[in-house]
Amino acid sequence: MSEYRLIRLGEQIRNEISQMILRQQIKDPRVSTFLSINRVEVSGDLSYAKVYVSSFMDEKRTLKGVKGLESAAGFIQSTLGKKLTIRQFPKLQFIADSSIKDGFEMVRKLEELEAESES
C-alpha cells in the first residue's frame, strides 16, 4: 500500500477512535473523555497500527486510560472494521505518549524565563 494511503488510513482511524472516546461509546470506566489520540502509524502490510494516546491528566491516569483502551481494542477494531471498508483491518496497539504534556511544560518554562528576563 502506498505511503499516502497509509497516512490517510491512519488519520481515518485516529478520527474514528477520537469520536468514539468523545461520544463515550467505549464503556470501560478507565477511558476518559480527556484522552487524546495524537497519531496512528499503520504498518505497510496492514497487520498492525500503533495508536499514540496522550492527555493533560497525570501520567498514572493516562496509563490507566491506555490500559482501558487496550482492553476495549477488540470492540474498537470491530466497530472500525464495519465503518472503514478495507479488506484487512490492522490490530490496534495503544501506546502512552507524553509529547503534548512535554510541549505544554516547555512553553510554560519558556514563559517563566521570559518573565524573569523582563524583570
Review point. Quick one: are L9 and L46 in side-chain contact, heavy atoms under 4.5 Å?
Key: yes

Exercise for review: Supply the atom-to-atom distance I21 CD1 to S55 OG, rounded to the nearest 0.5 angstrom.
Suggested key: 10.0 Å

Practice item. For side chain to side chain contact (heavy atoms under 4.5 Å, CB included), just list the numbers for Q24 and T33, CA-CA rounded to whole Å, side-chain angles, deciding distance to a tenth of an Å, and then say yes or no. Key: CA-CA 7 Å; Q24 297 180 345; T33 56; 3.4 Å; yes

Exercise for review: Determine whether F94 and L35 make a side-chain contact, defined as any pair of heavy atoms from C-beta on separated by less than 4.5 Å.
Suggested key: no

Point to revise | Salt bridge present between E11 and R8 (N-O < 4.0 angstrom) | key: no

Point to revise | Closest contact, heavy atoms only, G65 versus V31 | key: O-CG2, 4.1 Å

Check your understanding: Given the rule that I, L, V, M, F, W and Y join up when any side-chain heavy atoms are under 4.5 Å apart, are F34 and V66 in one cluster?
Key -> yes

**Study point:** Min side-chain heavy-atom separation L84-F89 under 4.5 Å
**Key:** yes

Review point. Going through the checks in order, is the ring-ring contact (aromatic ring centres under 6.0 Å, His included) test met by F104 and F56?
Key: CA-CA 9 Å; F104 183 73; F56 285 111; 5.7 Å; yes

Practice item. Show the numbers, then the answer: is there a side chain to side chain contact (heavy atoms under 4.5 Å, CB included) between L69 and L92? Key: CA-CA 10 Å; L69 287 170; L92 300 176; over 6 Å; no

Practice item. Go through T62 and S54 one step at a time and tell me if the side chain to side chain contact (heavy atoms under 4.5 Å, CB included) criterion holds. Key: CA-CA 7 Å; T62 302; S54 68; 5.6 Å; no

Review point. Does D28 come within less than 4.0 Å of R30, counting only side-chain N to carboxylate O?
Key: yes

Revision key, fill the gap. When rounded to the nearest 0.5 Å, the distance separating CD1 of I13 from CD of Q77 is 9.5 Å

Point to revise | Close side-chain approach of I17 and V53, heavy atoms under 4.5 Å | key: no

Check your understanding: Just wondering, more than 12 heavy atoms not from F75 lying within 6.0 Å of its CZ?
Key -> yes

Check your understanding: In terms of hydrophobic clusters joined by side-chain contacts under 4.5 Å, are L6 and Y48 together?
Key -> no

Check your understanding: Taking 4.0 angstrom as the limit, do E16 and R14 come out as a salt bridge?
Key -> no

Check your understanding: Quick one: OG on S43 to NZ on K91, what's the gap to the nearest 0.5 Å?
Key -> 12.0 Å

Exercise for review: For K83, look at atom NZ and say whether over 12 heavy atoms of other residues, nucleotides or ligands are found less than 6.0 Å away.
Suggested key: yes

Review point. Below 4.5 Å, heavy atoms only, C-beta onward: do M57 and S32 meet side chain to side chain?
Key: yes

Review point. Can you find a heavy atom in the side chain of K109 that is under 4.5 Å from one in the side chain of E111?
Key: no

**Study point:** For A49 against P90, the heavy-atom pair lying closest together
**Key:** N-CB, 3.8 Å

Exercise for review: Any chance you could measure I37, atom CD1, to N15, atom CG, to the nearest 0.5 Å?
Suggested key: 10.5 Å

Check your understanding: Hey, what do you get for CD (E105) to OG (S98), rounding to the nearest 0.5 Å?
Key -> 10.5 Å

Exercise for review: List the steps and the verdict of side chain to side chain contact (heavy atoms under 4.5 Å, CB included) for I26 and I76.
Suggested key: CA-CA 8 Å; I26 302 168; I76 296 169; 3.7 Å; yes

Exercise for review: For the residue pair Q12 and V40, establish whether any side-chain heavy-atom pair is separated by less than 4.5 Å.
Suggested key: no

Practice item. Flag the pair E112 and R108 as a salt bridge only when some basic side-chain nitrogen lies within less than 4.0 angstrom of an acidic carboxylate oxygen. Key: yes

Point to revise | Contact check, side chains of M20 and T79, non-hydrogen atoms, under 4.5 Å | key: yes

